[in-house]
Protein chains: 2
Amino acid sequence: MIPSDKFLESKGVRPTAMRLLVFQHLAKSKVAKTLSDIENAFAKADRTTLFRTLKTFEQKRVVHQIDDGSGIMKYALCEEGCNCELERDLHLHFHCTNCGETICLTEQKIPHINLPDGFVAENANLVLKGICDKCSG
Amino acid sequence: MIPSDKFLESKGVRPTAMRLLVFQHLAKSKVAKTLSDIENAFAKADRTTLFRTLKTFEQKRVVHQIDDGSGIMKYALCEEGCNCELERDLHLHFHCTNCGETICLTEQKIPHINLPDGFVAENANLVLKGICDKCSG
DNA sequence: GTAATAAATGCACTTCCATTGCATTGCCCT
DNA sequence: AGGGCAATGCAATGGAAGTGCATTTATTAC
C-alpha cells in the first residue's frame with residue numbers, strides 16, 4: 001500500500017495536511033461524498049479550501065465528480081490507472097433513492113453507443129437510480 | 001396533427017394561454033430548453049409560472065426533465081406514448097460541449113445493465129457529451 | 001346571471017450550493 | 001533568513017430551485 005502523501009505527489013498534488021485528510025476520508029468511504037459531507041467530517045474545515053482541494057484533485061485525476069441527479073455534486077476517488085475522460089474508462093454510478101447514497105460501480109463500464117452521423121462522443125455519464133444492496137436486503 | 005389544446009386536455013392539463021405557448025415553443029424546438037431559455041422566449045413571462053407549468057407538464061408526462069450535467073435543468077417534450085419512468089422507455093441525451101445544446105436521441109435506448117446482487121434499478125439517466133452534428137459539420 | 005369554489009398566475013422572498021476576491025498564512029527553494 | 005509562490009480562510013456574490021401569499025381567471029353550483 002503506497003502512502004497517501006507519496007501517492008498525491010505522484011499525481012502532482014502537494015500533500016498538505018488538509019489534502020491528506022480529505023484523500024484518506026474519501027479512500028475510507030465506499031460511497032461518493034458531497035462537499036458538505038466532507039465539511040462535516042472535519043470540525044475545523046473551511047468550505048472553500050475543501051472546494052478548491054477537490055477541484056485540484058479533479059484536475060490531477062485523483063477524484064472524479066459525479067452528478068447523480070440529486071442536484072448536489074459528489075466526489076469519489078478515481079481507480080488506479082483510470083483515465084476518467086476517456087469513454088472506455090467510464091464506469092457508471094448507482095444512486096439509491098432510499099438512502100440517498102451514490103456508489104461507483106467500477107466493474108460495470110458504460111456500453112458503447114452507436115450515434116447518428118455527425119455526433120462525436122467524448123464523454124459519458126450514466127446514473128442508475130433505484131434501491132441499493134444495503135437497502136434492499 | 002392533433003391541436004395543442006386537445007392534446008394537453010388528453011394529458012389532463014388545462015390548456016391555458018401560457019401553457020399552450022410553452023407547449024408549442026417546446027414542440028417547435030429540437031433541443032431541450034432551460035427555464036431561462038423559455039423565459040427569454042416570451043417577453044411577458046413570469047419565472048414562477050413557467051416553473052410551475054413545467055412541473056405540471058412533467059407530472060402529466062407532457063415533458064421530461066433532463067439533467068445533462070451543465071448544472072441547469074432542461075426540458076423537452078415526451079414522445080408520443082412514452083412512459084418516461086420505465087427503464088425500457090428511457091432514451092439518452094446528447095450534450096454538445098461546443099454549442100451547449102442538449103438533444104434527445106429518442107431512437108437510442110439505454111442498454112440494459114446487469115447489476116450486482118441486491119441492486120434494483122428503477123430509472124436511468126445517460127448523457128453523452130461531445131460534439132453534435134451541427135458543430136462537427 | 002351570480003355566487004361560491006377551485007385553479008392558475010405574478011410578485012417577493014428564501015434557500016442552497018457553487019464559485020470568486022482578497023488578504024493572510026505556510027511551505028519550499030536559494 | 002528571505003523571496004516567492006501555493007494554499008488557506010473569511011466574506012461576499014451569483015445562479016437556479018423552490019415557497020408563501022395575494023390576485024386574477026376560469027369552472028361549477030345555484
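First the proteins, then the strands, lettered A, B, ... as listed; each starts at 1. It should be emphasised that the depicted structure is a prediction, and the values quoted were computed from it without experimental measurement.
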**Prompt:** How bent is the helix from C:dG1-D:dC30 to C:dT30-D:dA1, comparing axes over its five end pairs at each side, to the nearest 10°?
**Reply:** 20°
**Message:** Looking at every non-hydrogen atom in both residues, tell me the closest pair between A:Ala76 and A:Ile66 and how far apart they are.
**Reply:**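 Distance-wise, the nearest heavy atoms are CB-CD1, 4.0 Å.
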**Complete:** Tightest non-hydrogen contact, residues B:Asp68 and B:Lys129, listed as O-CE, 3.4 Å
**Message:** Taking B:Ile103 as the starting point, is it possible to reach A:Val120 by hopping between hydrophobic residues whose side chains are less than 4.5 Å apart?
**Reply:** no
Throw together a table of side-chain donor-acceptor distances under 3.5 angstrom for residues 45-55 of chain A, partners on residues two or more places apart or in other chains.
unit_1, atom_1, unit_2, atom_2, d
A:Asp46, OD2, A:Thr48, N, 3.0
A:Asp46, OD2, A:Thr48, OG1, 3.4
A:Asp46, OD2, A:Thr49, N, 3.2
A:Arg47, NH1, A:Glu39, OE1, 2.8
A:Thr53, OG1, A:Thr49, O, 2.7

**Request:** Using the closest heavy atom to pick a nucleotide of DNA chain C for each, name whichever of B:Thr48 or B:Arg14 lands nearer the 5' end.
**Result:** B:Arg14
**Request:** Please figure out whether A:Arg52 or A:Arg47 has its closest DNA chain C nucleotide nearer the 5' end.
**Result:** A:Arg47
**Asked** Do the ring centers of A:Phe57 and A:Tyr75 come within less than 6.0 Å of each other?
**Response** no
**Prompt:** Base, sugar-phosphate, or nothing for B:Thr16, non-hydrogen atoms under 4.0 angstrom?
**Reply:**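 Contact class for B:Thr16: sugar-phosphate only.
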**Message:** Classify A:Lys44 by what it touches in the nucleic acid, base, sugar-phosphate, or nothing, heavy-atom distance under 4.0 Å.
**Reply:**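 The residue A:Lys44 makes no contact with any strand.
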Please report the distance, rounded to the nearest Å, between [atom1] in [X] and [atom2] in [N].
{"X": "B:Leu20", "N": "D:dA26", "atom1": "CG", "atom2": "P", "result": "12 Å"}
{"X": "A:Leu54", "N": "D:dA7", "atom1": "CG", "atom2": "P", "result": "14 Å"}
{"X": "A:Leu35", "N": "D:dG9", "atom1": "CG", "atom2": "C1'", "result": "15 Å"}
{"X": "A:Glu39", "N": "C:dT19", "atom1": "CD", "atom2": "C1'", "result": "14 Å"}
{"X": "A:Met18", "N": "D:dC10", "atom1": "CE", "atom2": "P", "result": "12 Å"}
{"X": "B:Asp5", "N": "C:dA8", "atom1": "CG", "atom2": "P", "result": "15 Å"}
{"X": "B:Arg19", "N": "D:dT25", "atom1": "CZ", "atom2": "P", "result": "15 Å"}

**Prompt:** Would A:Thr102 and A:Lys74 count as having a side-chain donor-acceptor pair, cut-off 3.5 Å?
**Reply:** yes
**Request:** Between D:dT8, C:dT9, C:dA18, spot the one nearest the side chain of A:Ile72, thanks.
**Result:**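 Taking heavy atoms from C-beta onward, the closest nucleotide is C:dA18.
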**Message:** What's the closest nucleotide to the side chain of A:Phe51 if the choices are C:dT9, C:dT20, C:dC27?
**Reply:**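 Of C:dT9, C:dT20, C:dC27, C:dT20 is nearest to the side chain of A:Phe51.
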**Prompt:** Quick one: is B:Lys55 getting a side-chain N or O under 4.0 Å of the D:dA17 phosphate, OP1 or OP2?
**Reply:** no
**Fill in**
By nearest-nucleotide position on DNA chain D, the 5'-leaning member of B:Ser36 and A:Val13 is A:Val13
**Message:** Quick one, B:His95 with B:His93, criterion ring-ring contact (aromatic ring centres under 6.0 Å, His included). Give me CA distance, side-chain angles, the key distance, then yes/no.
**Reply:** CA-CA 7 Å; B:His95 178 67; B:His93 297 106; over 10 Å; no
